[in-house]
Amino acid sequence: LAFPLTKEIDSRDALAATIKILAHRGVEREAKKREDTNSWEIGKTKVFLKYYITTALTDALEFYHGCAAKMQAGVRGMLARRLAQRLRKEKKEREERERLERER
């Protein structure tokens with residue numbers, strides 16, 4: 001599996017950036033578990049990853065997808081409650097106005 005880089009960069013910078021990104025995603029731990037020092041290779045314009053690294057990245061993606069879905073559900077629920085509250089308030093105010101007009 002290969003991921004293209006956005007631009008050509010110095011190989012020292014590419015290695016540091018790759019290690020930082022993979023460590024942040026927990027992939028570096030996977031490589032250490034397997035005692036594999038060659039879990040990825042850096043080409044001129046791509047980073048090549050071993051198969052188990054893609055599995056770890058897929059797991060991380062699924063985890064973040066689940067978190068995003070939970071956050072979206074929470075926000076949608078909050079917005080729906082606000083809307084319902086506003087509509088109930090408007091209905092109550094409208095009914096009160098109508099009651100006052102009938103009393104006149």
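Index from 1, following the sequence. Source: prediction; values computed, not measured.
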Donor-acceptor contacts, no H, no angles, side chain residues 78-92, under 3.5 Å, sequence neighbours left out:
from: Arg81; atom 1: NH1; to: Gly77; atom 2: O; distance (Å): 3.3
from: Arg86; atom 1: NE; to: Glu90; atom 2: OE2; distance (Å): 3.3

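Within the 4.5 Å cutoff, no side-chain heavy atoms of Glu96 are placed close to those of Glu93.
Considering only residues two or more places apart in sequence or on other chains, Glu62 meets the side-chain hydrogen bond (donor to acceptor under 3.5 Å, both in side chains) condition with none of them.
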